[in-house]
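Only one structure is covered here, and it is reproduced in the block below.
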Amino acid sequence: MTVTRFAPSPTGYLHIGGLRTALFSWLTARHHHGRFLLRIEDTDLSRNSQEALKAILEAFQWVGLDYDGDVVYQSQRFDLYRQYIDKLLKEGKAYRCYMSREELDILREEQMARKERARYDGRYRDFTGTPPAGVEPVIRIKAPLEGNIIFEDGVKGEICIAADEVDDFIIARSDGTPTYNFVVAIDDALMGLTEVIRGDDHLYNTPKQIVVYKALGFTLPKFYHVAMINNEQGKKLSKRDGATDVMAYQKLGFLPEALLNFLVRLGWSHGDQEIFSISEMIELFDPKDINKSASSYNLDKLLWLNAHYIKNMPNDKLVTTLADYGVSIEGHDKLEMLLDATKERGKTLVELAAQIKLVLDAPENYDPKAAKKAFKGDASEILRSFAELLKNWEGELHFPAEYHAVLEKFVETKEVGFGKIAQPLRVSLLGSMTGSGVDEVMAIIGVEETVHRIDQAVFFIEKGK
RNA sequence: GACCCUUUCAUCUAGCGGCCAAGGAUGCUACGUUUUCAACGUAGAGACAGAGGUUCAAAUCCUCUAAGGGUCGCCA
């Protein structure tokens with residue numbers, strides 16, 4: 001059975017790059033009807049944060065990623081790790097190192113000065129003498145001294161690293177707590193992971209973890225190292241590039257399905273297909289199709305996807321979602337019309353909410369440019385007589401086409417061009433030159449409100465004369 | 001600096017030696033549609049990092065160069 005996991009350390013919010021690797025892992029598990037596990041990497045007791053954990057879980061819930069079983073906390077498994085440390089110590093596969101931090105710093109500086117890769121020199125590897133007093137030892141694992149550590153990466157192909165590049169790294173701190181590379185290998189093995197999908201910043205951890213697997217006799221999972229997501233300029237994604245926190249996307253008015261669709265196409269593809277529903281992703285995703293190279297974040301494409309998902313969202317679902325963005329239109333008698341008239345005008349839910357308010361609420365002021373252009377000449381007379389005409393139809397008009405017919409009749413009898421009434425009317429209704437069609441707006445707000453807005457505009461024009 | 005990884009339009013990508021004078025998508029530019037904007041439709045501009053091989057044939061294989069990135073913690 002396929003088992004994958006997401007293993008964040010609770011040090012902050014869920015990053016968009018983290019969400020992508022989580023998504024890749026989740027899709028792999030769901031594709032094979034396997035298990036997707038969540039494990040919290042909190043071995044560094046001083047850096048844990050409950051807040052961060054909550055944020056991660058909240059983000060998972062928002063985008064709809066579910067996990068199987070209980071969340072595993074490494075901080076609750078120290079006894080288990082201790083047993084493996086003792087085992088390695090007993091078998092001579094690990095040893096106590098009495099080198100102080102200061103000595104280690106000096107060693108590293110020397111190596112860097114010699115332009116070498118900094119690493120532990122193994123001085124306590126075969127130490128049998130009397131340990132120096134006053135030093136709490138760390139425990140180091142014995143890494144192979146020669147040969148290569150080779151593994152097949154599902155994304156990058158064969159990775160070969162010389163054994164002497166991997167030092168006898170620390171598996172337990174001097175306070176006895178175990179370290180990352182040690183516990184990751186143990187947990188991945190014990191939790192039955194078959195595929196480990198993670199960012200390629202972990203590529204160099206893999207040989208270290210392989211040392212642990214070998215020492216403990218565990219079987220290796222398949223590793224996939226996914227390249228990073230860069231910003232639009234191709235540089236490392238940072239907070240300055242805008243939203244990196246997954247939950248920020250909710251506030252900005254993005255739909256989770258759009259965000260997921262965007263992320264799945266960053267570093268993965270299936271022919272020319274751009275739009276993937278969740279079930280299509282599950283059906284089509286295969287980690288072997290993940291790209292080797294880094295990709296860049298592209299807001300325009302995310303916006304396009306978001307607009308696509310907004311346009312295609314059923315109206316009843318849209319109503320509920322919109323409630324979180326300050327628009328409560330549940331039960332509105334022209335709901336369908338309202339949404340159909342505005343849906344295509346917002347790339348985000350925030351924009352859509354604004355569009356809806358524009359239709360629903362009479363303009364509080366008029367865009368100066370629009371007013372200047374549309375409220376000139378005999379605009380007020382035209383508007384006034386159109387309002388008069390419209391009043392005759394009170395209670396009889398329901399659909400945009402019916403309002404349109406009245407407009408047509410008006411221009412016909414007045415012998416004026418369509419724009420002569422349409423433009424001033426638009427500005428009267430919306431306060432702006434752009435926006436939903438006037439026929440639709442009138443149909444949504446009805447004759448009474450239309451007349452009211454026209455009166456308001458006429459008052460505004462007269463006042464300005 | 002050492003080690004490892006990467007390199008197709010501005011961006012996401014297709015491409016697995018002949019189907020490629022390189023396809024799709026976003027963005028951009030026109031045009032159409034529309035009372036306006038948007039949406040939509042049609043068209044257009046736009047790339048194999050460079051140099052050498054291998055081969056009848058290379059975006060695809062090999063080598064080098066260049067540029068980007070990652071890693072070098074008693075962090076994860």
Inset, instruction - Using the ring of A:Y120 (Phe, Tyr or Trp, six-membered ring only), decide whether A:R140 places NZ or CZ under 6.0 Å from its centre and within 45 degrees of its axis. - result: yes
Legend entry - Sorted by number, the residues of residues 158-168 of chain A with heavy-atom contact under 4.0 Å to RNA chain B: A:I159, A:C160, A:E165
Inset, instruction - Apply side-chain contact (heavy atoms from CB on, under 4.5 Å) to A:S100 and list each qualifying residue two or more places apart in sequence or on a separate chain. - result: A:E102, A:E103
Legend entry - Residues touching RNA chain B, which here means a heavy atom under 4.0 Å, drawn from residues 135-154 of chain A: A:V138
Legend entry - Residue pairs passing the salt bridge (Lys or Arg N to Asp or Glu O under 4.0 Å) test where at least one lies in residues 291-311 of chain A, sequence neighbours excluded: A:E274-A:K301
Legend entry - Sequence-aligned protein contact record of nucleotides 40-45 of chain B, with B where the base is within under 4.0 Å of a protein heavy atom and S where only the sugar-phosphate is: S-----
Inset, instruction - Not counting sequence neighbours, list each pair that qualifies as a salt bridge (Lys or Arg N to Asp or Glu O under 4.0 Å) and has a residue in residues 358-376 of chain A. - result: none
Legend entry - Partner residues of A:T21 under the side-chain contact (heavy atoms from CB on, under 4.5 Å) criterion, sequence neighbours left out: A:F6, A:V226
Legend entry - Residue pairs passing the salt bridge (Lys or Arg N to Asp or Glu O under 4.0 Å) test where at least one lies in residues 155-171 of chain A, sequence neighbours excluded: A:R117-A:E165, A:R125-A:D168, A:K156-A:D200
Inset, instruction - Could you run through nucleotides 58-65 of chain B and give me one letter per nucleotide, 5' to 3': B if any protein heavy atom sits under 4.0 Å from the base, S if only the sugar-phosphate is that close, - if neither? - result: --------
Inset, instruction - Heavy atoms under 4.0 Å is the rule here; annotate nucleotides 11-24 of chain B 5' to 3' with B where the base is hit, S where only the sugar-phosphate is, and - elsewhere. - result: SBSS--------BB
Legend entry - Length of the line joining A:E110:CD and B:A2:P, which is rounded to integer Å: 19 Å
Legend entry - Charged N-O contact under 4.0 Å between A:E257 and A:K317: yes
Legend entry - Interface residues of residues 423-433 of chain A with RNA chain B (non-hydrogen, below 4.0 angstrom): A:Q423, A:R426, A:M433
Legend entry - Within residues 337-365 of chain A, residues whose heavy atoms come under 4.0 Å of RNA chain B: A:E344, A:R345, A:K347
